[in-house]
Amino acid sequence: MYCKAKILCIIASCWLLAAGCSTNEVKAAEKVEPVKEKKVEYDQADSALVVKLLRDAKTKRGQENRIFYFGKQFLGLPYVGHTLELGDEEHLIVNLHELDCTTFVETVLALSLCDKLNKRTFTDFCNQLRKIRFRNGEMTDYTSRLHYFTWWAEDNERLGLVEDICPKVAPWGPYTAVQTVHINYMSTHPTAYKQLKNHPDFVPVIKQLEDETDGRKFRYIPKKNLSWKQSSSLGMVQDGDIVAMLTDSDGLDTRHIGIAFWKDGRLHLMHASSLYKKVLMSKETFYEYEAKQPKHTGIRVWRMK
């Protein structure tokens with residue numbers, strides 16, 4: 001365990017240097033005040049990076065959209081899946097040197113909320129990340145994590161952290177399709193999840209939550225409405241909006257999430273890509289990206305409040 005932790009610390013320190021920290025700032029990571037809560041898993045280099053990013057934003061962000069600004073700070077970072085599945089007990093995992101599509105968006109949103117509230121300590125960041133990641137902002141066990149994005153969106157809307165932009169579009173604009181949510185993948189594939197495999201008593205809890213969501217309907221923008229010909233009708237989407245790419249198969253509600261941005265009058269996607277194994281700003285348009293995803297049906301869009 002010591003060797004693994006040491007290796008991760010070295011990797012994170014290298015990322016600090018790549019992110020613009022001086023050698024002294026990297027060394028200062030060892031002096032960052034530790035989070036006292038036992039259920040937070042992190043290394044000191046990541047906590048130092050959080051503080052640096054929040055401090056730098058005060059002078060470097062200017063008027064740029066917060067989500068877009070913080071998202072760009074992670075460009076080039078490696079894509080790594082399943083970084084939240086450490087140990088057997090649920091912890092608040094903070095990992096800024098390896099991200100998947102969900103942890104990328106959650107990390108960026110937590111930083112953005114801290115910046116908005118002028119909260120700039122690592123503890124502040126952990127508090128925001130916990131609110132974002134767990135039902136009602138409270139971490140208990142594995143079942144309290146917002147595993148499906150429908151759960152994530154509804155909970156974060158209820159807490160006032162994000163808002164669905166669809167109601168802002170009159171009457172519906174490009175929102176010409178309706179998703180009927182049918183989620184059951186986790187309860188029907190428990191052996192695919194370490195925690196469900198180790199704790200069979202979690203499965204009926206997950207199933208009950210899935211059943212409570214079943215049949216809910218949401219308007220969304222189908223893939224065809226993302227084409228360049230429709231760009232004028234997508235003007236309500238802004239740089240930094242959070243986008244979920246929907247699916248209608250396999251007992252899931254979404255396949256991927258990321259951050260929208262505009263370039264040369266075309267909508268694009270910033271995301272942690274499993275294909276390219278890193279965080280990037282896609283050169284192809286959002287429409288071109290979606291056209292290559294046969295299981296994607298369209299998108300829903302949220303904005304930080």
Where E64 and Y69 come nearest, the two heavy atoms and their spacing:
OE1-CD1, 3.5 Å

When rounded to the nearest 0.5 angstrom, what is the spacing between CE in M236 and CG in D241?
9.0 Å

What is the distance from atom CD of E290 to atom CD1 of I299, rounded to the nearest 0.5 Å?
7.0 Å

Is the closest side-chain donor-acceptor distance between K295 and T247 under 3.5 Å?
no

Just checking, any donor-acceptor pair under 3.5 angstrom between side chains of D253 and T150?
yes

Please report the C-alpha distance between N95 and E98 in whole Å, then the side-chain angles of each, then the deciding distance to 0.1 Å, and finally whether the side chain to side chain donor-acceptor pair (under 3.5 Å) criterion is met.
CA-CA 6 Å; N95 183 344; E98 301 169 330; 3.1 Å; yes

Side chains of V243 and I259: closer than 4.5 Å at any heavy-atom pair?
no

May I have the step-by-step check of side-chain contact (heavy atoms from CB on, under 4.5 Å) for M245 and Q293, ending in yes or no?
CA-CA 10 Å; M245 283 131 271; Q293 311 298 328; over 6 Å; no

ILVMFWY cluster, Y220 and F218 together (side-chain gap under 4.5 Å):
no

Hey, does K292 have a side-chain heavy atom less than 4.5 Å from the side chain of Y289?
no

Test log, rule salt bridge (Lys or Arg N to Asp or Glu O under 4.0 Å), inputs E85 and R145
CA-CA 11 Å; E85 313 309 319; R145 203 193 308 168; 2.8 Å; yes

In terms of heavy-atom contacts, M139 and E90 come closest through CG-CG, 4.0 Å

Applying side-chain contact (heavy atoms from CB on, under 4.5 Å), run through D250 and R255 and close with a yes or a no.
CA-CA 10 Å; D250 303 330; R255 283 276 176 178; 2.2 Å; yes

Considering only heavy atoms from C-beta outward, does the side chain of K52 approach that of D56 to under 4.5 Å?
yes

Should the ring pair W151 and Y148 be called parallel, tilted or perpendicular, given that the plane angle runs from 0 to 90° and is split at 30 and 60?
perpendicular

Once rounded to the nearest 0.5 Å, what's the spacing between atom NZ of K197 and atom OG1 of T191?
6.5 Å

When the side chains of residues 155-173 are checked against the rest of the protein, which donor-acceptor pairs come out under 3.5 Å, sequence neighbours left out?
{"residue": "D155", "atom": "OD1", "partner": "N136", "partner atom": "N", "Å": "3.0"}
{"residue": "D155", "atom": "OD1", "partner": "R158", "partner atom": "NH2", "Å": "2.4"}
{"residue": "D155", "atom": "OD2", "partner": "N136", "partner atom": "N", "Å": "2.9"}
{"residue": "N156", "atom": "ND2", "partner": "I132", "partner atom": "O", "Å": "3.1"}
{"residue": "N156", "atom": "ND2", "partner": "W152", "partner atom": "O", "Å": "2.8"}
{"residue": "E157", "atom": "OE2", "partner": "W302", "partner atom": "NE1", "Å": "3.0"}
{"residue": "D164", "atom": "OD1", "partner": "C166", "partner atom": "N", "Å": "2.9"}
{"residue": "D164", "atom": "OD2", "partner": "R300", "partner atom": "NH2", "Å": "2.9"}

Cluster check L280, L275: I/L/V/M/F/W/Y, side chain < 4.5 angstrom:
yes

Would you say M304 ends up clustered with F74 if hydrophobic residues are merged whenever their side chains have heavy atoms under 4.5 Å apart, either directly or through other cluster members?
yes

Answer yes or no: is there a donor N or O on one side and an acceptor on the other, between the side chain of D46 and the main chain of L96, under 3.5 Å?
yes

Tell me the closest heavy-atom pair linking R133 and T103, and the distance in Å.
NH2-CG2, 4.1 Å

Would E154 and R216 count as a side-chain contact (heavy atoms from CB on, under 4.5 Å) here? Give the steps.
CA-CA 11 Å; E154 289 188 327; R216 294 190 187 177; 2.4 Å; yes

For the residue pair K39 and E89, establish whether any side-chain heavy-atom pair is separated by less than 4.5 Å.
yes

Mind checking the CD-OG1 spacing from Q128 to T123? Nearest 0.5 Å is all I need.
12.0 Å

For the aromatic rings, using the six-membered ring if either is Trp, is the centroid distance between H296 and H256 under 6.0 Å?
no

Would you say L267 and T285 make side-chain contact, with heavy atoms under 4.5 Å?
no

Got a salt bridge between R120 and D124, using NZ or NE/NH1/NH2 to carboxylate O under 4.0 Å?
no

Please say yes or no: joined through hydrophobic side-chain contacts below 4.5 Å, possibly via intermediate residues, are Y276 and F104 part of one cluster?
no

Report the C-alpha distance between D141 and H199 in whole Å, list the side-chain angles of each, state the deciding distance to 0.1 Å, and finish with yes or no for side chain to side chain donor-acceptor pair (under 3.5 Å).
CA-CA 11 Å; D141 57 29; H199 298 273; over 6 Å; no

Is H189 close to L196 at the side-chain level, that is, under 4.5 Å between some pair of heavy atoms?
no

Sub-3.5 Å donor-acceptor pair from the side chain of T188 to the main-chain atoms of Y185, do we have one?
yes

How about K72: does its NZ atom have over 12 heavy atoms from other parts shown lying under 6.0 Å from it?
yes

Locate the shortest heavy-atom distance separating V94 from C126; write the atom from each residue and the value.
CG2-SG, 4.1 Å

Check: E106 and C101 side chains under 4.5 Å, non-hydrogen atoms:
no

Centroid-to-centroid, F286 to H268, below 6.0 Å?
no

Looking at K194 and D88, is any side-chain nitrogen of the basic one under 4.0 Å from a carboxylate oxygen of the acidic one?
no

How long is the gap from CE on M270 to CD1 on I67, to the nearest 0.5 Å?
10.0 Å

Closest non-hydrogen atom pair, N225 against I221:
CB-CG2, 3.7 Å

Quick test of your reading of the model: are K131 and E138 salt-bridged, counting only N-O distances below 4.0 Å?
no

Assess whether side-chain contact (heavy atoms from CB on, under 4.5 Å) is satisfied between R61 and D115, documenting all intermediate values.
CA-CA 10 Å; R61 183 180 66 83; D115 184 59; 3.1 Å; yes

Does any N or O in the side chain of R130 come within less than 3.5 Å of the main-chain N or O of G137, such that one atom is a donor and the other an acceptor?
no

Verify same cluster id: L246, Y287 (apolar side-chain graph, 4.5 Å):
no

Ring-plane angle category for F122 and Y42, please: parallel below 30°, perpendicular beyond 60°, tilted otherwise.
tilted

Ring center gap for H147 and Y193 short of 6.0 angstrom
no

Got a second to check how far I206's CD1 is from N184's CG, nearest 0.5 Å?
12.5 Å

Short question: side chain of S144, backbone of F134 - any donor-acceptor pair under 3.5 Å?
no

Hey, is the main chain of F68 close enough, under 3.5 Å, to the side chain of D239 for a donor-acceptor pair?
no

Quick check: closest heavy atoms across L54 and T121, and the distance to 0.1 Å?
CD1-O, 4.3 Å

Answer whether the closest heavy-atom distance between the side chains of V279 and Y79 falls below 4.5 Å.
no

Side chain of D100, backbone of T102: donor and acceptor closer than 3.5 Å?
yes

